[in-house]
Colleague: 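Sharing a structure with you now.
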Amino acid sequence: MDGRDLFPGGWHPQDKAFAPDGSLLKNKNPSRTAVGGVRYYFIDFGISTQNQDRTIGSLGQEPSPELSDDVPYDPYKLDVYILGMTYRHFLMEYMTPIDPEDRPTAAEALQEFMLIKDGLSQNALAQRLHSFDTQPSVSTTIKDIQYRVSDFLWTARPKRQPSLVP
């Protein structure tokens with residue numbers, strides 16, 4: 001995630017509540033929606049290659065049909081498969097065919113993802129994330145309300161540069 005809009009002065013790599021110099025940040029809970037969204041980057045799914053059309057290896061984090069120590073496979077199609085498994089509730093069938101040749105390219109998968117994203121309301125995109133097995137309950141409703149209030153307060157706050165001095 002590119003957090004520069006959330007933390008313009010940077011943050012400590014071990015705890016986002018602290019500045020790079022170890023001092024406590026005054027605003028520890030910025031809102032990703034209040035800053036206009038953040039950009040996420042997907043990198044290295046467990047088997048890294050550089051400028052290779054074909055590779056071998058079977059030690060990836062996500063099991064996939066083509067992983068092999070003997071038969072070369074397309075690492076970019078493997079990335080599409082793994083990303084599809086990550087977003088399986090939206091794109092699984094499209095991005096995860098058993099045969100790598102039937103999978104879309106990364107550009108095609110992005111285009112499909114953008115079509116899905118563009119079909120979602122701003123309200124849906126600003127909601128807290130829930131796992132699929134989360135059942136509605138009083139507790140999740142209260143947490144959702146707390147998130148919305150926190151998001152509103154962050155958005156309504158006076159705009160100023162965060163201080164890195166405690």
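Predicted model, so just to flag it, every value in this text is computed and none were measured.
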Colleague: Please report the shortest heavy-atom distance between Asp69 and Ile56, naming the atom on each side.
Modeller: O-CD1, 3.3 Å
Colleague: Should we count CD of Glu108 as having more than 12 external heavy atoms under 6.0 Å?
Modeller: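 Counting other residues, nucleotides and ligands, CD of Glu108 exceeds 12 neighbours.
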Colleague: Could you tell me whether a side-chain N or O of Tyr81 sits under 3.5 Å from a main-chain N or O of Ile98, the two making a donor and an acceptor?
Modeller: no
Colleague: Between CG of Asp79 and OG1 of Thr105, what distance do you get to the nearest 0.5 Å?
Modeller: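 So the gap between those two atoms works out to 12.5 Å.
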Colleague: Work out which heavy atom in Leu67 is nearest to a heavy atom in Ser64; give both atom names and the distance.
Modeller: CG-OG, 3.3 Å
Colleague: Who else is in Val138's hydrophobic cluster (ILVMFWY, side-chain heavy atoms under 4.5 Å, direct or via others)?
Modeller: Ile142
Colleague: Looking at Lys77, Arg54, Arg103, which hits salt bridge (Lys or Arg N to Asp or Glu O under 4.0 Å) with Glu66?
Modeller: Arg103
Colleague: Does Thr55 reach the side chain of Tyr73, with side-chain heavy atoms less than 4.5 Å apart?
Modeller: yes
Colleague: Can you measure from CZ (Arg39) to CG (Asp5) and round to the nearest 0.5 angstrom?
Modeller: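 Taking CZ in Arg39 and CG in Asp5, the distance rounds to 10.5 Å.
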